[in-house]
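Report on the structure given below.
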Amino acid sequence: MTTNYKDLGLVNSREIFKKAVTGGYAIPAYNFNNMEQLQAIIMGCAESNSPVIIQVSSGARKYANQILLKHMAAGAVEMAKEAGFNIPIVLHLDHGDSFEICKSCIDSGFSSVMYDGSHLPYDENIEVTKQVVAYAHQRNVTVEAELGVLAGIEDHVVAEKSTYTKPEEVIDFVSKTGCDSLAISIGTSHGAFKFKPEQCTKNTDGVLVPPPLRFDILAEIEKQLPGFPIVLHGSSSVVPKYVNMINENGGELKAAVGIPAEQLRQAAKSAVCKINIDSDGRLAMTAIIRKVLKEKPAEFDPRKYLGPAREELKELIINKNKEVLGSAGKG
Ligand code: G3H
Ligand code: 13P
Ligand code: ZN
């Protein structure tokens, strides 16, 4: 049995991207794997009146069960409506690595999919992306594609070094594939350890500052594809407050460095209209869980540590939408 995303109260990304590009802000794309993450994302975006992309990786599908995830997303849409919020919500497959997984998500009610062929030879990336676009567009589902390789871990793909997107390829790639948005590589990467300390300088507060993103490449891509929706993966800031809280409460996260908020703010004003954030949420929840369990070693009710972690994640999301992406108030 197939499900149409409209029946779940979801929207595809077309309209919200158009508004974001012209309005000079970016739509947040937050990953979820469980109920507390989903509640925090939906209520954080509802309370800040922001459109939102809730995204599911293939790892999340395996972890939480794909059927359950779909019903959770549908329930989240209803929950927001019931609470009086009417923000656009997109259910998106993050880093789909085959036509089959994209098709399976489309058939089960996703309104948007990413086909990530960035690790493939250029022509093969085009071929599979095209196939996904053909299937998706018949059902009015939008497709994100990727050109260029991010350093770090992308689900099953581990890349040692990034390969920046080549601006001279983007027109050819977009026109041949028909994709609706393009993820690019300009220096972001996945996970909490985006840069080695030796690549960074220290600011006056002793905080490690990484080399800036390649805004020159982004500008060149925008010149080639005026107004076309661009996506940034690997965009967590790796907030030092949470890294320190984790380390002060029994964790061991050494030299975790992310993308400074100021650079994301700058990117959000450009054609970058979707910014992916997963690690920051993981860090915030882990920091609070560790703190609560250290302070209350006799506690064994999961609600007593997952509840505060969910609240912290919601506040983080509100802050990102308001202060970094500029999506607050655009719902
Ligand atoms: O880009 C990857 C996302 O952060 C999802 O991570 O594959 O561990 O679920 P995951
Ligand atoms: P972060 O690891 O920087 O949060 O990136 C997440 C991401 O790109 C999901 O696709
Ligand atoms: Zn990603």
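Predicted model, so just to flag it, every value in this text is computed and none were measured. All ligand and atom numbering here is 1-based and tracks the order in the structure.
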| field | Glu78/Lys81 salt bridge by N-O under 4.0 Å criterion | value | no

| query | What is the name of the N/O/S atom in His233 that sits closest to the Zn ion (ligand 3)? | reply | ND1

| query | Can you pull the residues with any heavy atom under 4.0 Å from ligand 2? | reply | Asn31, Gln55, Asp94, His95, Ser189, His190, Gly191, Lys194, His233, Gly234, Ser235, Ser236, Asn276, Ile277, Asp278, Ser279

| query | For ligand 1, which atoms, with element, lie under 4.0 Å from some heavy atom of Asp278? | reply | 3 (C), 4 (O), 5 (C), 6 (O)

| Numbering the atoms of ligand 1 from 1, which are under 4.0 Å from a heavy atom of Asn31? | 3 (C), 5 (C)

| query | Should the proximity of Asp94 to ligand 1, defined as any heavy atom under 4.0 Å, be assigned to the side chain, the backbone, both, or neither? | reply | side chain

| task | State yes or no: are the ring centers of His119 and His95 separated by less than 6.0 Å? | result | no

| Option whose closest heavy atom lies nearest to atom 6 (O) of ligand 1, chosen from His190, Arg282, Met114, His95 | Arg282

| Do the non-hydrogen side-chain atoms of Lys6 and Arg139 ever get within less than 4.5 Å of each other? | no

| task | Would you please test Asn276 and Ser235 for side chain to side chain contact (heavy atoms under 4.5 Å, CB included) and show each step? | result | CA-CA 6 Å; Asn276 284 14; Ser235 296; 5.5 Å; no

| field | Test applied, side-chain contact (heavy atoms from CB on, under 4.5 Å); reference residue, Val272; option that passes from Leu264, Leu232, Ile186, Ile27 | value | Leu232

| request: Considering non-hydrogen atoms only, spot the tightest contact between Asn247 and Leu253 and give its length. | output: OD1-N, 2.7 Å

| request: Kindly write out the residues that satisfy salt bridge (charged side-chain N to carboxylate O under 4.0 Å, His left out) with Glu47, not counting sequence neighbours, or none if the list is empty. | output: Lys314

| message | So if I apply the side chain to side chain donor-acceptor pair (under 3.5 Å) rule between Arg310 and each of Gln39, Glu36, Gln37, which one comes out positive? | response | Gln39

